[in-house]
2 protein chains.
Amino acid sequence: MQFGERVRELRVQQGLTQQTVADRMSVSVSYISKVENGKLHFGDYPSEKFIHKLADELKADEDELLLLADKVPASIRSRIRQNPELFRRLAQMDRRSLKALEKSLVSNK
Amino acid sequence: MQFGERVRELRVQQGLTQQTVADRMSVSVSYISKVENGKLHFGDYPSEKFIHKLADELKADEDELLLLADKVPASIRSRIRQNPELFRRLAQMDRRSLKALEKSLVSNK
DNA sequence: CTGCATGTTGACCCAAAAGTGCAAGTAGCT
DNA sequence: AGCTACTTGCACTTTTGGGTCAACATGCAG
């Protein structure tokens with residue numbers, strides 16, 4: 001799932017038009033359109049500030065959107081800072097091990 | 001330990017002057033000074049590109065410096081992208097659980 | 001005490017990123 | 001045909017990041 005797709009999905013789910021969202025966020029419609037279509041002038045995603053406001057407006061999970069936009073949410077960043085060794089280790093693990101770890105965490109939630 | 005402190009420490013350990021480092025990196029001395037003192041006009045830390053070069057020049061561990069500068073090293077970022085759910089979950093765990101997890105990972109490395 | 005080496009700071013500058021806004025177009029509906 | 005929602009190119013403005021420069025402190029060797 002791409003960032004823009006998800007944004008559109010959220011917007012449509014709430015029966016909102018681009019115009020409405022644009023107005024509420026006080027940005028231009030064309031910008032919203034470009035965001036949803038991933039056609040920003042440069043860079044693939046809007047700024048974190050924008051995403052923050054957008055998540056608010058669409059009652060969406062900000063971290064989910066940040067992750068889709070390939071940005072690291074503050075919640076995760078602060079964990080990394082507190083525990084760098086753990087995360088460096090995770091970074092070195094292969095995908096299968098990570099998947100396995102995810103499973104084990106989900107089970108004993 | 002703060003980013004700037006660590007940079008100074010590394011520089012002094014190698015008997016280098018700010019001027020030397022500045023020259024080698026082809027930036028101005030004043031910039032190096034500000035970096036070490038955390039007095040950048042804006043933002044608290046230099047760019048990732050700068051940190052990369054700096055780590056190189058000071059023969060330091062780039063990821064260590066990145067983490068001190070509250071940035072997420074590419075190695076970790078790419079893992080997050082591949083596995084966002086895992087990392088969201090980790091972000092929600094408390095410190096004790098994370099410590100425990102780290103221990104378990106170290107043991108069955 | 002002077003003069004050089006080193007480091008610090010504020011004011012300023014420039015380029016790139018982020019977003020604006022129009023105009024002209026597409027597509028579906030009634 | 002005409003309305004509504006959306007798309008897209010383009011030129012423009014604003015903001016922010018990353019840096020320089022010049023002037024100032026400070027320590028210390030001769």
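We name chains A, B, ... by the order of the sequence lines, and we start the count at 1 in each one.
Residues B:Glu85 and A:Glu102 are in side-chain contact: their nearest non-hydrogen atoms beyond the backbone lie under 4.5 Å apart.
Side-chain atoms of A:Gln14 come within 3.5 Å of backbone atoms of A:Leu58 as a donor-acceptor pair (strictly under, hydrogens ignored). Of the possible polar contacts, one joining the A:Lys53 side chain to the A:Met25 backbone as a donor-acceptor pair under 3.5 Å is found.
Atom CG of B:Asn83 is separated from atom CG of A:Leu101 by 8.5 Å, given to the nearest 0.5 angstrom. To the nearest 0.5 Å, atom CZ of residue B:Arg24 and atom CD1 of residue B:Ile32 are 11.5 Å apart. Taking CZ of A:Arg89 as the reference point, atom CG of A:Leu86 lies at 9.0 Å (rounded to 0.5 Å). Taking CG from A:Leu98 and CZ from B:Phe87, the interatomic distance works out to 6.0 Å, rounded to the nearest 0.5 Å.
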Tabulate atom names and distances for all N/O pairs under 3.5 angstrom spanning the protein and nucleotides 13-15 of chain C.
none

Show each protein N/O and nucleotides 27-30 of chain C N/O combination with a separation under 3.5 Å, one pair to a line.
none

What pairs of nitrogen or oxygen atoms, one from the protein and one from nucleotides 24-30 of chain D, lie under 3.5 Å apart?
none

Between protein and nucleic acid, restricted to nucleotides 9-11 of chain C and to nitrogen or oxygen atoms under 3.5 Å apart, what atom pairs and distances do you find?
| from | atom 1 | to | atom 2 | distance (Å) |
| --- | --- | --- | --- | --- |
| C:dT9 | OP1 | B:Lys39 | NZ | 3.4 |
| C:dT9 | OP2 | B:Lys39 | NZ | 3.2 |
| C:dG10 | O6 | B:Lys34 | NZ | 2.6 |
| C:dA11 | N6 | B:Lys34 | NZ | 3.2 |

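Take A:Asn37 and apply the side chain to side chain contact (heavy atoms under 4.5 Å, CB included) test, not counting sequence neighbours, and it matches A:Arg8, A:Ser33, A:Lys39. When the salt bridge (Lys or Arg N to Asp or Glu O under 4.0 Å) test is applied to A:Asp61, the partners found at least two apart in sequence or on another chain are B:Arg88. Under the side chain to side chain donor-acceptor pair (under 3.5 Å) criterion, B:Ser97 pairs with B:Asp94, sequence neighbours left out. Residues satisfying the side chain to side chain contact (heavy atoms under 4.5 Å, CB included) criterion with A:Ala91, sequence neighbours excluded, are B:Ser75, B:Ile76, B:Arg79. Contacts of A:Val29 classified as side chain to side chain contact (heavy atoms under 4.5 Å, CB included), with partners at least two apart in sequence or in another chain: A:Gln18, A:Gln19.
Summarising the geometry of B:Leu54 relative to B:Phe3, their closest heavy-atom pair is CD2-CZ, 4.3 Å, with the distance given to 0.1 Å. Here the closest non-hydrogen pair linking A:Leu40 and A:Tyr31 is CD2-CE1, 3.6 Å. Counting all heavy atoms, side chain and backbone alike, A:Leu16 lies closest to A:Arg11 at O-NH1, 3.0 Å.
Criterion: ILVMFWY side-chain heavy atoms under 4.5 Å apart, direct or through other members. Under it, A:Phe50 and A:Val72 are not part of a common hydrophobic cluster. Note: the hydrophobic cluster containing B:Leu10 also contains B:Ile51 (ILVMFWY, side chain heavy atoms under 4.5 Å, direct or indirect links).
Scanning residues 16-23 of chain B for heavy-atom distances under 4.0 Å to DNA chain C yields B:Thr17, B:Gln18. Within residues 43-63 of chain B, no residue has any heavy atom under 4.0 Å from DNA chain C.
One atom, CZ of A:Phe42, and another, P of D:dG9, lie 16 Å apart when rounded to the nearest Å.
Taking side-chain N and O atoms only, B:Arg8 has no distance below 4.0 Å to OP1 or OP2 of C:dT6. At the phosphate of C:dG7, OP1 or OP2 sits under 4.0 Å from a side-chain N or O atom of B:Arg11.
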May I have the list of side-chain donor-acceptor pairs in residues 64-71 of chain B shorter than 3.5 Å, sequence neighbours left out?
| from | atom 1 | to | atom 2 | distance (Å) |
| --- | --- | --- | --- | --- |
| B:Glu64 | OE2 | B:Arg6 | NE | 2.8 |
| B:Asp70 | OD2 | A:Arg81 | NH1 | 3.4 |

